[in-house]
Amino acid sequence: MQTDKSHAQQLDAQDPLASFRDRFVIPDQSLIYLDGNSLGRMPKATKTLLEEIQRTWSDRLIRSWGEKYIHIAQKIGAKVAQIVGARADEVVIAESTSVNLFKLAVAAVRHLSPSRTKIITDDLNFPSDIYILDGVCKLLGDNYEIVVIESEDGVHAPAQKIIDAIDDTTALVTLSHTVFKSSYTYDMAAINRAVHAAGALVLWDLSHAAGSVPVALNETNADLAIGCTYKYLNGGIGSNAFLYVRRDLQGKLENPIQGWFSQERMFDFDYKYTPRSNIDRFLTGTPNVLSIAPIEIGVDLLIEARMARIREKSLAQTDYLIALYDQLLAPLGYQLNSPRDKARRGSHISLGHPAGWQITQCLIERMNIIPDFRAPDNIRIGITPLYTSFVEIHMLVMRLKQIVEEGLYLAFSAEIDPTIT
Ligand SMILES: *Cc1c(COP(=O)(O)O)cnc(C)c1O
């Protein structure tokens, strides 16, 4: 691999997705933003949309519901479905990822025999997911338990150990498709097959996968899924999450937070609850229009760019970063904490270093580069093919090299203050 900047420039010149960068608001072109996996950049069209929403609210008032917003959760859910390999009527926008996990996990476990008392997950899952599952078990009763299968190295998920642990006491297997720290990405089909062979249900958290890796919910026969829209979907700060329920399960599972938006003929205002039998059954209350409407813009950009091309560029970029790491960073004490196997890799790369926190602060404060940091020592580099360039990756590596070679990180405190990133 050539390590000179002109090679990166050449890769950018050949990039068929390069023009998508112009579709985003980028006030500081010199800022290297490598945290699109935590909060995606703002599309230019979103700016216009937010102005339009202001006018709709002020001018059309309550009429705006009937004219535009009453079905917004289903309409945008149908677009997200295209990104995750689902049918239009299997995805809806609602609440946060955490709350959707609660809803679907409770619904799944209650649907199965009470002899199925285990929820299986792994120790690479997002901590909030574990907290939610813990709460689900407390709610369901003393006999329910979470089984957290441990990864051998903290980078690669324990896929085979999970498959071996599934038995006839398993109700639910729930995992992050792409895990938040290392970006290990599960073989969804293999896990789904094992879960179904044992008569259990599977629930995928797609937060770090949607918009970054091809997801095939239907093709792999996934039962349930949830995921963020403010990461690779570029839906905006605190935008609502999505949930997926496979069509044949929609009329069978019970939403534990049932409300008027899941009620048949909701405007009859009947006091008896009669749930709908389609995806609406998993809604609760009024859609958060201000946090849902912008999702459409981000998803439209992904659909236009096409997931296959996004994946191709993502792999080319993560390969490029790993090749530069091998030559320039490994000798300086950096460690690759993401999979080398392309099939198992998402779109972010974690580089460990004993001074990882100090290096992260130096990148942000001195170098105008924003990655993020995940304890104990991971500098997490989010590659977002719609707007990350090869030159940016090259510059990041040169800075990581310089910071260690020149000891620039020593100017920063080693005491981790995670509120900064
Ligand atoms: C970001 C993320 C979440 C966030 O959940 P919220 O409810 O939106 O705070 C959940 N799960 C995973 C795997 C994530 O990466």
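These figures come from a predicted structure and were not determined experimentally. Read the numbers this way: they start at 1 and go in the same order the structure lists the ligands and their atoms.
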Undergrad: Would you mind running through ligand 1 and noting each atom that sits below 4.0 Å from a heavy atom of His208?
TA: 15 (O)

Undergrad: Select the closest option to atom 10 (C) of ligand 1 among Tyr230, Phe126, Phe180, Phe102, judged by heavy-atom distance.
TA: Phe126

Undergrad: Ring centres under 6.0 Å, that's the criterion: do His208 and His348 meet it?
TA: yes

Undergrad: Under 4.0 Å from ligand 1, counting heavy atoms only, is it the side chain of Asp129, its backbone, both or neither?
TA: side chain

Undergrad: Please work out which of Ile226, Thr97, Val99 has its closest non-hydrogen atom nearest to atom 5 (O) of ligand 1.
TA: Thr97

Undergrad: Report, in ascending order of atom number, the atoms of ligand 1 lying under 4.0 Å from any heavy atom of Cys228.
TA: 1 (C), 2 (C), 3 (C), 4 (C)

Undergrad: For the residue pair Thr56 and Ser64, what are the closest heavy atoms and their distance?
TA: CG2-CB, 3.5 Å

Undergrad: Can an N or O of Lys231 be found at a distance shorter than 3.5 Å from an N or O of ligand 1?
TA: yes

Undergrad: Under 4.0 Å between a side-chain nitrogen and a carboxylate oxygen: does that hold for Lys161 and Glu150?
TA: no

Undergrad: For ligand 1 and Ser176, I'd like to know whether there is a polar contact (N/O to N/O, distance under 3.5 Å).
TA: no

Undergrad: Centroid-to-centroid, Tyr334 to His353, below 6.0 Å?
TA: yes

Undergrad: To the nearest 0.1 Å, how far is atom 7 (O) of ligand 1 from its closest protein heavy atom, and which atom is that?
TA: Ser98 OG, 2.6 Å

Undergrad: What part of Asp205, side chain, backbone, both or neither, has a heavy atom within less than 4.0 angstrom of ligand 1?
TA: side chain

Undergrad: Is Glu90 paired with Arg246 through a side-chain N to carboxylate O contact shorter than 4.0 Å?
TA: no

Undergrad: Identify whether the distance between the nearest side-chain nitrogen and carboxylate oxygen of Arg309 and Glu312 falls below 4.0 Å.
TA: no

Undergrad: Is it true that Arg340 and Asp326 have a side-chain N and a carboxylate O under 4.0 angstrom from each other?
TA: yes

Undergrad: Run the numbers for me: atoms of ligand 1, each under 4.0 Å from some heavy atom of Ser207, listed by number.
TA: 2 (C), 3 (C), 10 (C), 11 (N), 12 (C), 13 (C), 14 (C), 15 (O)

